[in-house]
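Each remark here refers to the structure printed beneath this line.
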Amino acid sequence: MNSTLLPFDVVVMAAGKGTRMKSRLPKVLQRLAGVPLVQHVLATAAQLQARSAVVITGHGAEAVEAALTSVAGQTTLRFVRQEPQLGTGHAVQQAVPALADDGLVVVLSGDVPLTQADTLQALLAASGGSRLALLTIEFADPTGYGRIVRQGDQVQAIVEQKDATDAQRQIKEVYSGIMAVPARLLKPWLARLDNHNVQGEYYLTDIVKFAVADGVEVVAHTITDALQVAGINSPVQLAELERAHQLRQAHAYMEQGVRLMDPARFDVRGQLDCGQDVEIDVNCIFEGRVSLGEGVRVGANCVIANCTIAAGAVIHPFTHIDGEKLGVTVGEGSLIGPFARLRPGAQLAAEVHIGNFVEVKNATLAKGAKANHLAYLGDATVGERVNFGAGSITANYDGANKHRTVIEADVHIGSNCVLVAPVVIGAGGTVGGGSAITKSTEPGALSVARGKQVSIANWARPQKQPKFK
Ligand code: UD1
Ligand code: CA
(Lines give C-alpha, C1' and ligand atoms only; values in the text may rest on other atoms or scores of the structure.)
(Ligands and ions follow the chains in the order given, each with its own letter.)
Protein backbone atom coordinates (compact mmCIF):
# COMPACT_ATOMS: atom_id res chain seq x y z
CA MET A 1 0.00 0.00 0.00
CA ASN A 2 1.16 3.49 -0.79
CA SER A 3 1.49 5.22 2.53
CA THR A 4 2.79 8.54 1.19
CA LEU A 5 0.42 11.47 1.21
CA LEU A 6 0.58 12.14 -2.52
CA PRO A 7 -1.10 9.97 -5.14
CA PHE A 8 1.41 8.47 -7.52
CA ASP A 9 1.52 7.58 -11.18
CA VAL A 10 3.99 5.27 -12.85
CA VAL A 11 5.64 5.79 -16.21
CA VAL A 12 6.80 2.56 -17.80
CA MET A 13 9.37 2.92 -20.57
CA ALA A 14 8.67 0.22 -23.10
CA ALA A 15 9.58 1.71 -26.48
CA GLY A 16 12.98 0.10 -26.95
CA LYS A 17 13.57 -2.44 -29.65
CA GLY A 18 15.41 -5.16 -27.79
CA THR A 19 17.58 -6.00 -30.79
CA ARG A 20 19.56 -8.59 -28.87
CA MET A 21 16.48 -10.74 -28.24
CA LYS A 22 16.49 -11.44 -32.01
CA SER A 23 12.73 -12.00 -31.77
CA ARG A 24 9.66 -10.83 -33.65
CA LEU A 25 8.01 -10.31 -30.27
CA PRO A 26 8.68 -6.90 -28.69
CA LYS A 27 11.10 -7.36 -25.79
CA VAL A 28 8.68 -6.28 -23.07
CA LEU A 29 6.26 -9.02 -24.17
CA GLN A 30 8.82 -11.78 -23.66
CA ARG A 31 7.67 -13.92 -20.77
CA LEU A 32 9.14 -14.42 -17.32
CA ALA A 33 7.37 -17.01 -15.17
CA GLY A 34 4.75 -17.22 -17.94
CA VAL A 35 3.88 -13.52 -17.81
CA PRO A 36 5.04 -10.71 -20.17
CA LEU A 37 7.88 -8.71 -18.62
CA VAL A 38 5.94 -5.46 -18.68
CA GLN A 39 2.95 -7.15 -17.03
CA HIS A 40 5.14 -7.88 -14.00
CA VAL A 41 5.92 -4.16 -13.80
CA LEU A 42 2.25 -3.22 -14.05
CA ALA A 43 1.29 -5.81 -11.45
CA THR A 44 3.72 -4.26 -8.99
CA ALA A 45 2.29 -0.80 -9.72
CA ALA A 46 -1.21 -2.15 -9.13
CA GLN A 47 -0.13 -3.85 -5.91
CA LEU A 48 1.02 -0.41 -4.68
CA GLN A 49 -2.28 1.08 -5.84
CA ALA A 50 -0.72 3.47 -8.31
CA ARG A 51 -3.32 5.94 -9.53
CA SER A 52 -2.34 5.39 -13.13
CA ALA A 53 0.24 3.69 -15.29
CA VAL A 54 1.43 5.35 -18.47
CA VAL A 55 3.18 2.90 -20.77
CA ILE A 56 5.46 4.44 -23.38
CA THR A 57 5.46 2.31 -26.49
CA GLY A 58 7.40 2.54 -29.73
CA HIS A 59 8.84 -0.59 -31.29
CA GLY A 60 5.98 -3.06 -31.64
CA ALA A 61 3.64 -0.49 -30.08
CA GLU A 62 0.48 -2.09 -31.43
CA ALA A 63 1.40 -5.52 -30.14
CA VAL A 64 2.34 -4.16 -26.73
CA GLU A 65 -0.84 -2.13 -26.43
CA ALA A 66 -2.98 -5.06 -27.55
CA ALA A 67 -1.35 -7.39 -25.05
CA LEU A 68 -1.90 -5.08 -22.10
CA THR A 69 -5.62 -4.53 -21.98
CA SER A 70 -5.82 -3.86 -18.29
CA VAL A 71 -4.00 -3.64 -15.00
CA ALA A 72 -5.34 -5.37 -11.94
CA GLY A 73 -6.89 -3.22 -9.22
CA GLN A 74 -7.80 0.42 -9.60
CA THR A 75 -4.79 1.56 -11.60
CA THR A 76 -5.80 3.31 -14.83
CA LEU A 77 -3.79 2.19 -17.84
CA ARG A 78 -2.79 4.61 -20.58
CA PHE A 79 -0.47 4.44 -23.55
CA VAL A 80 1.61 7.08 -25.23
CA ARG A 81 3.74 6.55 -28.31
CA GLN A 82 7.37 7.56 -28.61
CA GLU A 83 8.37 7.79 -32.25
CA PRO A 84 11.31 7.90 -32.91
CA GLN A 85 13.15 6.88 -29.72
CA LEU A 86 15.52 9.67 -28.77
CA GLY A 87 16.45 8.56 -25.27
CA THR A 88 14.97 7.98 -21.83
CA GLY A 89 14.37 11.69 -21.25
CA HIS A 90 12.55 11.94 -24.55
CA ALA A 91 10.52 8.88 -23.58
CA VAL A 92 9.30 10.43 -20.33
CA GLN A 93 8.63 13.73 -22.13
CA GLN A 94 5.96 11.91 -24.15
CA ALA A 95 4.15 11.02 -20.93
CA VAL A 96 3.90 14.61 -19.70
CA PRO A 97 0.41 15.31 -21.10
CA ALA A 98 -0.86 12.13 -19.44
CA LEU A 99 0.53 12.99 -16.01
CA ALA A 100 -1.35 15.01 -13.40
CA ASP A 101 0.62 17.76 -11.64
CA ASP A 102 -0.39 16.85 -8.11
CA GLY A 103 1.28 13.47 -7.84
CA LEU A 104 4.55 11.66 -7.52
CA VAL A 105 5.89 10.03 -10.67
CA VAL A 106 7.72 6.72 -10.50
CA VAL A 107 9.75 5.92 -13.60
CA LEU A 108 10.12 2.21 -14.37
CA SER A 109 11.28 0.12 -17.32
CA GLY A 110 9.16 -2.51 -19.00
CA ASP A 111 12.13 -4.84 -19.21
CA VAL A 112 12.92 -4.82 -15.46
CA PRO A 113 10.32 -7.25 -14.10
CA LEU A 114 11.30 -8.13 -10.54
CA THR A 115 11.33 -4.88 -8.61
CA GLN A 116 9.46 -5.48 -5.36
CA ALA A 117 6.61 -3.34 -4.16
CA ASP A 118 8.28 -2.64 -0.80
CA THR A 119 11.34 -1.28 -2.61
CA LEU A 120 9.20 1.15 -4.60
CA GLN A 121 7.34 2.02 -1.43
CA ALA A 122 10.64 2.95 0.21
CA LEU A 123 11.57 5.02 -2.83
CA LEU A 124 8.25 6.88 -2.68
CA ALA A 125 8.87 7.54 1.00
CA ALA A 126 12.40 8.78 0.22
CA SER A 127 10.97 11.29 -2.24
CA GLY A 128 8.31 12.25 0.26
CA GLY A 129 6.63 14.51 -2.26
CA SER A 130 9.44 17.08 -2.30
CA ARG A 131 12.69 15.30 -3.22
CA LEU A 132 14.10 13.53 -6.28
CA ALA A 133 14.68 9.94 -5.13
CA LEU A 134 16.92 7.60 -7.12
CA LEU A 135 17.06 3.85 -6.68
CA THR A 136 20.74 2.93 -6.69
CA ILE A 137 22.87 -0.17 -6.24
CA GLU A 138 26.59 -0.91 -6.00
CA PHE A 139 28.06 -3.23 -8.56
CA ALA A 140 31.58 -4.74 -8.46
CA ASP A 141 31.49 -4.26 -12.24
CA PRO A 142 29.44 -1.14 -12.99
CA THR A 143 30.26 -1.12 -16.72
CA GLY A 144 27.47 0.27 -18.87
CA TYR A 145 25.49 1.92 -16.07
CA GLY A 146 25.01 5.55 -15.17
CA ARG A 147 27.29 6.41 -12.22
CA ILE A 148 26.09 8.23 -9.11
CA VAL A 149 28.44 11.17 -8.66
CA ARG A 150 28.49 12.52 -5.11
CA GLN A 151 30.15 15.42 -3.36
CA GLY A 152 30.56 14.31 0.19
CA ASP A 153 27.26 12.55 0.78
CA GLN A 154 25.27 14.68 -1.60
CA VAL A 155 24.29 13.29 -5.00
CA GLN A 156 25.41 15.77 -7.66
CA ALA A 157 24.73 14.01 -10.95
CA ILE A 158 24.29 10.78 -12.86
CA VAL A 159 26.95 10.41 -15.53
CA GLU A 160 26.41 7.84 -18.26
CA GLN A 161 29.19 5.32 -18.93
CA LYS A 162 29.98 6.79 -22.33
CA ASP A 163 30.19 10.35 -21.00
CA ALA A 164 32.12 9.51 -17.85
CA THR A 165 35.72 10.41 -17.08
CA ASP A 166 38.11 7.62 -16.08
CA ALA A 167 37.77 8.73 -12.47
CA GLN A 168 33.96 8.62 -12.68
CA ARG A 169 34.09 5.17 -14.22
CA GLN A 170 35.67 3.93 -10.98
CA ILE A 171 32.43 4.71 -9.14
CA LYS A 172 30.64 1.52 -8.17
CA GLU A 173 27.30 3.03 -7.21
CA VAL A 174 25.00 3.11 -10.24
CA TYR A 175 21.55 4.36 -11.14
CA SER A 176 19.11 1.45 -11.43
CA GLY A 177 16.88 3.19 -13.98
CA ILE A 178 14.15 3.73 -11.36
CA MET A 179 13.31 7.05 -9.74
CA ALA A 180 10.48 8.80 -7.89
CA VAL A 181 9.93 12.51 -8.37
CA PRO A 182 7.07 15.01 -7.86
CA ALA A 183 5.39 15.73 -11.20
CA ARG A 184 5.45 19.50 -10.61
CA LEU A 185 9.28 19.34 -10.47
CA LEU A 186 9.73 16.73 -13.17
CA LYS A 187 7.80 18.51 -15.91
CA PRO A 188 9.88 21.71 -16.08
CA TRP A 189 13.09 19.69 -15.81
CA LEU A 190 12.07 17.53 -18.75
CA ALA A 191 11.48 20.69 -20.78
CA ARG A 192 15.09 21.71 -20.15
CA LEU A 193 16.73 18.50 -21.41
CA ASP A 194 19.09 18.59 -24.37
CA ASN A 195 20.98 15.94 -26.30
CA HIS A 196 24.46 17.40 -26.06
CA ASN A 197 26.23 14.22 -25.03
CA VAL A 198 28.26 11.41 -26.53
CA GLN A 199 25.17 9.43 -27.57
CA GLY A 200 23.19 12.43 -28.83
CA GLU A 201 20.23 11.29 -26.70
CA TYR A 202 17.90 13.05 -24.31
CA TYR A 203 18.97 11.58 -20.99
CA LEU A 204 16.38 11.40 -18.24
CA THR A 205 19.31 11.21 -15.86
CA ASP A 206 20.24 14.84 -16.62
CA ILE A 207 17.38 16.00 -14.41
CA VAL A 208 19.62 15.30 -11.42
CA LYS A 209 21.79 18.29 -12.39
CA PHE A 210 18.70 20.49 -12.67
CA ALA A 211 17.52 19.40 -9.23
CA VAL A 212 20.90 20.26 -7.74
CA ALA A 213 20.91 23.62 -9.54
CA ASP A 214 17.37 24.37 -8.32
CA GLY A 215 18.26 23.48 -4.75
CA VAL A 216 15.96 20.42 -4.70
CA GLU A 217 17.29 17.64 -2.54
CA VAL A 218 18.38 14.48 -4.37
CA VAL A 219 18.32 11.31 -2.30
CA ALA A 220 19.55 7.84 -3.16
CA HIS A 221 17.73 4.79 -1.85
CA THR A 222 20.32 2.05 -2.17
CA ILE A 223 19.47 -1.62 -2.34
CA THR A 224 21.75 -4.68 -2.52
CA ASP A 225 19.42 -7.11 -4.30
CA ALA A 226 20.53 -7.04 -7.94
CA LEU A 227 17.60 -9.17 -9.14
CA GLN A 228 15.21 -6.32 -8.41
CA VAL A 229 16.89 -4.02 -10.91
CA ALA A 230 18.00 -6.61 -13.47
CA GLY A 231 16.93 -5.76 -17.00
CA ILE A 232 16.50 -8.18 -19.86
CA ASN A 233 18.37 -7.67 -23.11
CA SER A 234 19.02 -11.18 -24.42
CA PRO A 235 17.68 -14.73 -24.24
CA VAL A 236 20.55 -15.63 -21.92
CA GLN A 237 19.62 -12.87 -19.48
CA LEU A 238 15.97 -13.87 -19.70
CA ALA A 239 16.78 -17.48 -18.84
CA GLU A 240 19.10 -16.43 -16.01
CA LEU A 241 16.46 -14.19 -14.49
CA GLU A 242 13.83 -16.91 -14.90
CA ARG A 243 15.99 -19.38 -12.97
CA ALA A 244 16.82 -16.85 -10.26
CA HIS A 245 13.15 -15.93 -9.91
CA GLN A 246 12.03 -19.57 -9.81
CA LEU A 247 14.62 -20.41 -7.18
CA ARG A 248 13.47 -17.48 -5.10
CA GLN A 249 9.83 -18.64 -5.40
CA ALA A 250 10.86 -22.19 -4.52
CA HIS A 251 12.52 -20.96 -1.34
CA ALA A 252 9.42 -18.97 -0.41
CA TYR A 253 7.28 -22.13 -0.77
CA MET A 254 9.71 -24.13 1.34
CA GLU A 255 9.57 -21.41 4.02
CA GLN A 256 5.81 -22.04 4.10
CA GLY A 257 6.47 -25.72 4.67
CA VAL A 258 6.08 -27.08 1.14
CA ARG A 259 8.53 -29.92 0.60
CA LEU A 260 10.26 -29.68 -2.75
CA MET A 261 12.47 -32.56 -3.75
CA ASP A 262 14.67 -30.13 -5.67
CA PRO A 263 14.07 -26.36 -5.61
CA ALA A 264 16.08 -26.04 -8.81
CA ARG A 265 13.62 -28.24 -10.66
CA PHE A 266 10.34 -26.55 -9.78
CA ASP A 267 8.54 -23.90 -11.83
CA VAL A 268 5.55 -21.78 -10.97
CA ARG A 269 4.17 -19.70 -13.84
CA GLY A 270 1.13 -18.26 -12.19
CA GLN A 271 -0.35 -18.57 -8.73
CA LEU A 272 0.15 -21.73 -6.72
CA ASP A 273 -1.42 -22.11 -3.28
CA CYS A 274 -0.36 -25.00 -1.09
CA GLY A 275 -1.84 -26.43 2.10
CA GLN A 276 0.22 -28.03 4.82
CA ASP A 277 2.44 -31.02 4.09
CA VAL A 278 2.40 -30.77 0.32
CA GLU A 279 5.19 -32.73 -1.32
CA ILE A 280 6.37 -32.08 -4.86
CA ASP A 281 8.87 -34.23 -6.69
CA VAL A 282 11.27 -32.98 -9.36
CA ASN A 283 10.47 -31.30 -12.70
CA CYS A 284 6.93 -30.17 -11.99
CA ILE A 285 5.46 -27.08 -13.64
CA PHE A 286 2.46 -25.18 -12.27
CA GLU A 287 0.63 -22.71 -14.49
CA GLY A 288 -2.33 -20.37 -14.08
CA ARG A 289 -4.13 -20.78 -10.78
CA VAL A 290 -3.44 -24.02 -8.97
CA SER A 291 -4.42 -24.96 -5.46
CA LEU A 292 -3.03 -28.03 -3.69
CA GLY A 293 -4.81 -29.12 -0.51
CA GLU A 294 -3.26 -30.47 2.63
CA GLY A 295 -1.02 -33.47 2.16
CA VAL A 296 -1.24 -33.52 -1.63
CA ARG A 297 1.66 -35.33 -3.24
CA VAL A 298 2.74 -34.58 -6.79
CA GLY A 299 5.07 -37.05 -8.50
CA ALA A 300 7.90 -36.21 -10.84
CA ASN A 301 7.39 -34.59 -14.24
CA CYS A 302 3.84 -33.33 -13.86
CA VAL A 303 2.44 -30.26 -15.62
CA ILE A 304 -0.51 -28.89 -13.66
CA ALA A 305 -2.52 -25.83 -14.69
CA ASN A 306 -5.77 -24.14 -13.63
CA CYS A 307 -6.89 -26.77 -11.19
CA THR A 308 -7.91 -27.40 -7.59
CA ILE A 309 -6.63 -30.55 -5.96
CA ALA A 310 -8.19 -31.48 -2.63
CA ALA A 311 -6.47 -32.80 0.46
CA GLY A 312 -4.73 -36.12 0.35
CA ALA A 313 -4.88 -36.57 -3.42
CA VAL A 314 -1.88 -38.15 -5.09
CA ILE A 315 -0.81 -37.12 -8.57
CA HIS A 316 1.52 -39.77 -9.91
CA PRO A 317 4.40 -38.98 -12.31
CA PHE A 318 3.93 -37.68 -15.84
CA THR A 319 0.41 -36.43 -15.34
CA HIS A 320 -0.85 -33.48 -17.38
CA ILE A 321 -3.70 -31.41 -16.02
CA ASP A 322 -4.98 -28.21 -17.59
CA GLY A 323 -8.39 -26.80 -16.67
CA GLU A 324 -7.90 -23.77 -18.94
CA LYS A 325 -10.96 -21.54 -18.45
CA LEU A 326 -13.36 -24.21 -17.13
CA GLY A 327 -11.01 -25.53 -14.47
CA VAL A 328 -10.40 -29.02 -13.17
CA THR A 329 -11.14 -30.29 -9.68
CA VAL A 330 -9.65 -33.38 -8.11
CA GLY A 331 -11.42 -34.63 -4.99
CA GLU A 332 -10.01 -35.66 -1.65
CA GLY A 333 -7.88 -38.75 -1.64
CA SER A 334 -8.11 -39.26 -5.39
CA LEU A 335 -5.31 -41.07 -7.22
CA ILE A 336 -4.35 -39.67 -10.62
CA GLY A 337 -1.82 -41.08 -13.06
CA PRO A 338 0.85 -42.00 -13.85
CA PHE A 339 0.43 -40.72 -17.41
CA ALA A 340 -3.08 -39.34 -16.93
CA ARG A 341 -4.59 -36.34 -18.68
CA LEU A 342 -7.27 -34.16 -17.11
CA ARG A 343 -8.75 -31.55 -19.43
CA PRO A 344 -11.12 -28.60 -18.92
CA GLY A 345 -14.25 -29.43 -16.98
CA ALA A 346 -12.97 -32.63 -15.41
CA GLN A 347 -14.69 -32.64 -12.00
CA LEU A 348 -13.57 -35.52 -9.87
CA ALA A 349 -15.14 -36.17 -6.47
CA ALA A 350 -13.37 -37.87 -3.57
CA GLU A 351 -11.47 -41.12 -4.00
CA VAL A 352 -11.68 -41.20 -7.76
CA HIS A 353 -8.97 -43.21 -9.50
CA ILE A 354 -7.72 -42.15 -12.93
CA GLY A 355 -4.92 -44.36 -14.16
CA ASN A 356 -2.44 -44.51 -16.97
CA PHE A 357 -3.37 -43.24 -20.43
CA VAL A 358 -6.79 -42.10 -19.31
CA GLU A 359 -8.15 -38.80 -20.63
CA VAL A 360 -11.00 -36.99 -18.92
CA LYS A 361 -12.71 -33.92 -20.44
CA ASN A 362 -15.85 -32.07 -19.36
CA ALA A 363 -16.91 -35.00 -17.25
CA THR A 364 -18.12 -35.41 -13.68
CA LEU A 365 -17.01 -38.47 -11.76
CA ALA A 366 -18.75 -39.16 -8.45
CA LYS A 367 -17.10 -40.53 -5.36
CA GLY A 368 -15.10 -43.70 -5.80
CA ALA A 369 -15.45 -43.92 -9.60
CA LYS A 370 -12.52 -45.55 -11.34
CA ALA A 371 -11.04 -45.53 -14.83
CA ASN A 372 -7.68 -47.10 -14.39
CA HIS A 373 -6.35 -47.88 -17.84
CA LEU A 374 -6.43 -46.57 -21.42
CA ALA A 375 -9.79 -44.82 -21.47
CA TYR A 376 -11.57 -41.67 -22.63
CA LEU A 377 -14.33 -40.03 -20.66
CA GLY A 378 -15.63 -36.93 -22.46
CA ASP A 379 -18.93 -35.12 -21.85
CA ALA A 380 -19.91 -37.76 -19.33
CA THR A 381 -21.63 -37.97 -15.97
CA VAL A 382 -20.27 -40.91 -14.04
CA GLY A 383 -21.92 -42.14 -10.85
CA GLU A 384 -20.47 -43.37 -7.57
CA ARG A 385 -18.30 -46.48 -7.60
CA VAL A 386 -18.51 -46.92 -11.38
CA ASN A 387 -15.73 -49.02 -12.82
CA PHE A 388 -14.84 -48.02 -16.36
CA GLY A 389 -12.85 -50.76 -18.07
CA ALA A 390 -9.56 -50.66 -19.89
CA GLY A 391 -9.77 -49.41 -23.45
CA SER A 392 -13.34 -48.13 -23.14
CA ILE A 393 -14.47 -44.74 -24.38
CA THR A 394 -17.42 -42.42 -24.58
CA ALA A 395 -18.07 -41.55 -28.24
CA ASN A 396 -19.26 -38.03 -27.54
CA TYR A 397 -18.90 -36.49 -30.98
CA ASP A 398 -21.05 -37.41 -33.98
CA GLY A 399 -19.05 -35.27 -36.35
CA ALA A 400 -21.23 -32.22 -35.82
CA ASN A 401 -22.45 -32.14 -32.24
CA LYS A 402 -21.32 -33.34 -28.85
CA HIS A 403 -23.61 -35.49 -26.71
CA ARG A 404 -23.54 -36.62 -23.13
CA THR A 405 -23.07 -40.07 -21.72
CA VAL A 406 -24.60 -40.82 -18.34
CA ILE A 407 -23.28 -43.78 -16.40
CA GLU A 408 -25.28 -44.25 -13.22
CA ALA A 409 -23.98 -45.44 -9.88
CA ASP A 410 -22.37 -48.87 -9.47
CA VAL A 411 -22.18 -49.58 -13.20
CA HIS A 412 -19.42 -51.85 -14.41
CA ILE A 413 -18.23 -51.12 -17.95
CA GLY A 414 -16.09 -53.95 -19.34
CA SER A 415 -12.99 -53.52 -21.45
CA ASN A 416 -12.89 -52.09 -24.93
CA CYS A 417 -16.43 -50.71 -24.97
CA VAL A 418 -17.74 -47.77 -26.97
CA LEU A 419 -20.62 -45.87 -25.41
CA VAL A 420 -22.16 -43.91 -28.26
CA ALA A 421 -23.70 -40.75 -26.81
CA PRO A 422 -26.35 -39.74 -26.05
CA VAL A 423 -26.82 -42.82 -23.93
CA VAL A 424 -27.67 -43.70 -20.32
CA ILE A 425 -26.35 -46.80 -18.61
CA GLY A 426 -28.80 -47.58 -15.81
CA ALA A 427 -27.63 -47.92 -12.21
CA GLY A 428 -25.94 -51.16 -11.23
CA GLY A 429 -25.81 -52.33 -14.84
CA THR A 430 -22.99 -54.20 -16.51
CA VAL A 431 -21.71 -53.75 -20.05
CA GLY A 432 -19.92 -56.75 -21.50
CA GLY A 433 -16.41 -56.26 -22.86
CA GLY A 434 -16.14 -55.23 -26.49
CA SER A 435 -19.65 -53.78 -26.65
CA ALA A 436 -20.68 -50.86 -28.83
CA ILE A 437 -23.61 -49.43 -26.86
CA THR A 438 -25.95 -47.22 -28.88
CA LYS A 439 -29.16 -47.52 -26.81
CA SER A 440 -29.73 -46.71 -23.17
CA THR A 441 -29.80 -49.69 -20.81
CA GLU A 442 -32.05 -50.59 -17.87
CA PRO A 443 -30.79 -50.49 -14.29
CA GLY A 444 -29.31 -53.78 -13.19
CA ALA A 445 -29.14 -55.20 -16.73
CA LEU A 446 -26.24 -56.95 -18.41
CA SER A 447 -25.83 -55.47 -21.88
CA VAL A 448 -23.70 -57.04 -24.55
CA ALA A 449 -23.49 -55.58 -28.03
CA ARG A 450 -20.91 -57.38 -30.10
CA GLY A 451 -20.66 -60.18 -32.65
CA LYS A 452 -21.39 -63.56 -31.11
CA GLN A 453 -18.36 -65.79 -30.65
CA VAL A 454 -18.13 -68.51 -33.30
CA SER A 455 -15.80 -71.51 -32.91
CA ILE A 456 -15.05 -73.86 -35.81
CA ALA A 457 -13.64 -77.15 -34.61
CA ASN A 458 -10.33 -78.45 -35.98
CA TRP A 459 -9.81 -75.42 -38.16
CA ALA A 460 -6.87 -75.86 -40.50
CA ARG A 461 -4.86 -72.72 -41.11
CA PRO A 462 -3.85 -72.04 -44.72
CA GLN A 463 -0.46 -73.57 -45.62
CA LYS A 464 2.31 -71.93 -47.59
CA GLN A 465 2.59 -73.47 -51.09
CA PRO A 466 5.99 -75.13 -51.76
CA LYS A 467 7.92 -73.30 -54.50
CA PHE A 468 8.92 -75.28 -57.70
CA LYS A 469 11.49 -74.25 -60.24
C1 UD1 B 1 19.65 3.85 -18.43
C2 UD1 B 1 20.14 5.04 -17.62
C3 UD1 B 1 21.37 4.61 -16.81
C4 UD1 B 1 21.03 3.43 -15.93
C5 UD1 B 1 20.46 2.30 -16.77
C6 UD1 B 1 19.96 1.19 -15.89
C7 UD1 B 1 19.61 6.96 -18.98
C8 UD1 B 1 20.14 8.00 -19.89
N9 UD1 B 1 20.49 6.10 -18.50
O10 UD1 B 1 20.66 3.56 -19.35
O11 UD1 B 1 21.83 5.69 -16.02
O12 UD1 B 1 22.20 3.00 -15.23
O13 UD1 B 1 19.35 2.75 -17.55
O14 UD1 B 1 19.58 0.11 -16.69
O15 UD1 B 1 18.46 6.96 -18.65
N16 UD1 B 1 13.71 3.48 -23.71
C17 UD1 B 1 12.62 4.02 -24.34
N18 UD1 B 1 12.80 5.00 -25.25
C19 UD1 B 1 14.04 5.51 -25.53
C20 UD1 B 1 15.15 4.94 -24.87
C21 UD1 B 1 14.96 3.94 -23.96
O22 UD1 B 1 11.49 3.60 -24.11
O23 UD1 B 1 14.14 6.41 -26.36
C24 UD1 B 1 13.49 2.40 -22.74
C25 UD1 B 1 14.23 1.13 -23.10
O26 UD1 B 1 13.42 0.29 -23.89
C27 UD1 B 1 14.49 0.52 -21.75
C28 UD1 B 1 14.64 1.74 -20.83
O29 UD1 B 1 14.04 2.81 -21.52
O30 UD1 B 1 13.40 -0.22 -21.28
C31 UD1 B 1 16.09 2.07 -20.53
O32 UD1 B 1 16.74 2.35 -21.74
P33 UD1 B 1 18.20 1.86 -22.04
O34 UD1 B 1 18.57 2.26 -23.39
O35 UD1 B 1 18.34 0.45 -21.64
O36 UD1 B 1 19.02 2.78 -21.01
P37 UD1 B 1 20.50 2.58 -20.62
O38 UD1 B 1 21.37 3.11 -21.68
O39 UD1 B 1 20.71 1.21 -20.17
CA1 CA C 1 19.47 -0.82 -20.05
Side-chain angles (χ1 to χ4, degrees), residues 10-21 23 25-30 32 36-42 53-61 64-65 79-95 106-115 132 134-139 141-149 155-164 168-169 171-179 181 186 189-190 193-210 218 220 222-223 226-234 237-238 241:
V10 302
V11 172
V12 182
M13 295 187 289
K17 187 163 184 201
T19 312
R20 283 197 279 152
M21 287 306 299
S23 170
L25 196 64
K27 178 168 75 171
V28 296
L29 295 184
Q30 303 286 340
L32 182 106
L37 296 173
V38 62
Q39 193 78 60
H40 285 272
V41 178
L42 293 174
V54 183
V55 179
I56 299 162
T57 60
H59 282 284
V64 175
E65 289 164 16
F79 296 100
V80 296
R81 297 261 176 116
Q82 185 200 15
E83 200 64 61
Q85 287 87 43
L86 303 179
T88 53
H90 180 251
V92 179
Q93 280 172 351
Q94 311 312 305
V106 177
V107 177
L108 303 169
S109 290
D111 59 356
V112 179
L114 295 182
T115 317
L132 168 57
L134 308 172
L135 187 66
T136 72
I137 186 164
E138 283 192 24
F139 283 143
D141 177 8
T143 309
Y145 290 91
R147 305 300 203 281
I148 303 296
V149 177
V155 176
Q156 295 297 313
I158 298 173
V159 180
E160 295 304 308
Q161 166 87 20
K162 288 182 179 154
D163 300 283
Q168 287 168 334
R169 287 181 187 177
I171 298 170
K172 303 272 188 265
E173 186 186 7
V174 305
Y175 172 52
S176 66
I178 296 173
M179 64 169 66
V181 53
L186 175 66
W189 290 337
L190 288 172
L193 291 176
D194 64 46
N195 62 353
H196 304 152
N197 53 56
V198 172
Q199 302 188 80
E201 288 181 8
Y202 294 87
Y203 291 164
L204 177 61
T205 45
D206 280 349
I207 69 168
V208 175
K209 286 183 293 195
F210 303 148
V218 181
T222 308
I223 59 169
L227 274 193
Q228 290 197 46
V229 296
I232 306 286
N233 296 300
S234 68
Q237 288 173 345
L238 183 58
L241 205 58

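Atoms within a ligand are numbered from 1 in the order they appear, just like the ligands themselves. Along the sequence shown, residues are numbered consecutively beginning with 1. Small disclaimer: the values here were computed from a predicted structure and weren't measured. Keep in mind that the numbers below use all heavy atoms, side chains included, and drop hydrogens, waters and symmetry copies.
Scanning Q199, E160, M179 for the heavy atom closest to atom 11 (O) of ligand 1 points to E160. Atom 20 (C) of ligand 1 has its nearest heavy-atom neighbour, among G58, P26, G87, in G87. Nearest-residue assignment for atom 6 (C) of ligand 1 (options P142, S176, A91; heavy-atom criterion): S176.
Interface atoms of ligand 1 facing Y203, defined by a heavy-atom separation under 4.0 Å, are 8 (C). Of all atoms in ligand 1, numbered sequentially from 1 with element shown, those under 4.0 Å from a heavy atom of G146 are 3 (C), 4 (C), 11 (O), 12 (O). Those atoms of ligand 1 with a heavy atom of G16 less than 4.0 angstrom away are 22 (O), 26 (O). Counting atoms of ligand 1 from 1 in the listed order, those under 4.0 Å from a heavy atom of S109 are 28 (C), 30 (O). Each of the atoms 7 (C), 8 (C), 9 (N), 11 (O), 15 (O) of ligand 1 lies under 4.0 Å from some heavy atom of T205. Listed by number with element, the atoms of ligand 1 under 4.0 angstrom from any heavy atom of D111 are 27 (C), 30 (O).
When non-hydrogen atoms are compared, ligand 1 lies under 4.0 Å from the side chain of Q82 (C-beta onward) but not from its backbone. Neither the backbone nor the side chain of I56 comes within 4.0 Å of ligand 1, counting heavy atoms alone. Both the backbone and the side chain of A15 come within contact range of ligand 1, each with a heavy atom under 4.0 Å.
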| task | Please lay out, stage by stage, how R81 and E65 fare under the test side chain to side chain contact (heavy atoms under 4.5 Å, CB included). | result | CA-CA 10 Å; R81 297 261 176 116; E65 289 164 16; 2.8 Å; yes
| query | Does the pair V155 and L132 meet the rule for a side chain to side chain contact (heavy atoms under 4.5 Å, CB included), with working shown? | reply | CA-CA 10 Å; V155 176; L132 168 57; over 6 Å; no
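The two residues I232 and P113 have their closest heavy-atom pair at CG1-CD, 4.4 Å.
With hydrogens and angles ignored, the 3.5 Å screen pairs a side-chain donor or acceptor of S176 with a backbone N or O of L135.
The side-chain contact (heavy atoms from CB on, under 4.5 Å) with V41 is formed by just one residue from the set L114, L108, V28, V112; it is L108.
The CG atom of L204 sits 6.5 Å away from atom CG of L190, with the distance rounded to the nearest 0.5 Å. To the nearest 0.5 Å, the span separating CD on Q93 from OG1 on T88 amounts to 10.0 Å.
More than 12 heavy-atom neighbours from other residues, nucleotides or ligands sit within 6.0 angstrom of NZ on K172.
Heavy atoms of L86 come nearer than 4.0 angstrom to ligand 1 in at least one pair.
Side-chain N/O atoms of T205 and E160 include a donor and acceptor closer than 3.5 Å.
Residue contacts with ligand 1: G110 is placed with no nitrogen or oxygen under 3.5 Å of a nitrogen or oxygen of the ligand (distance criterion only).
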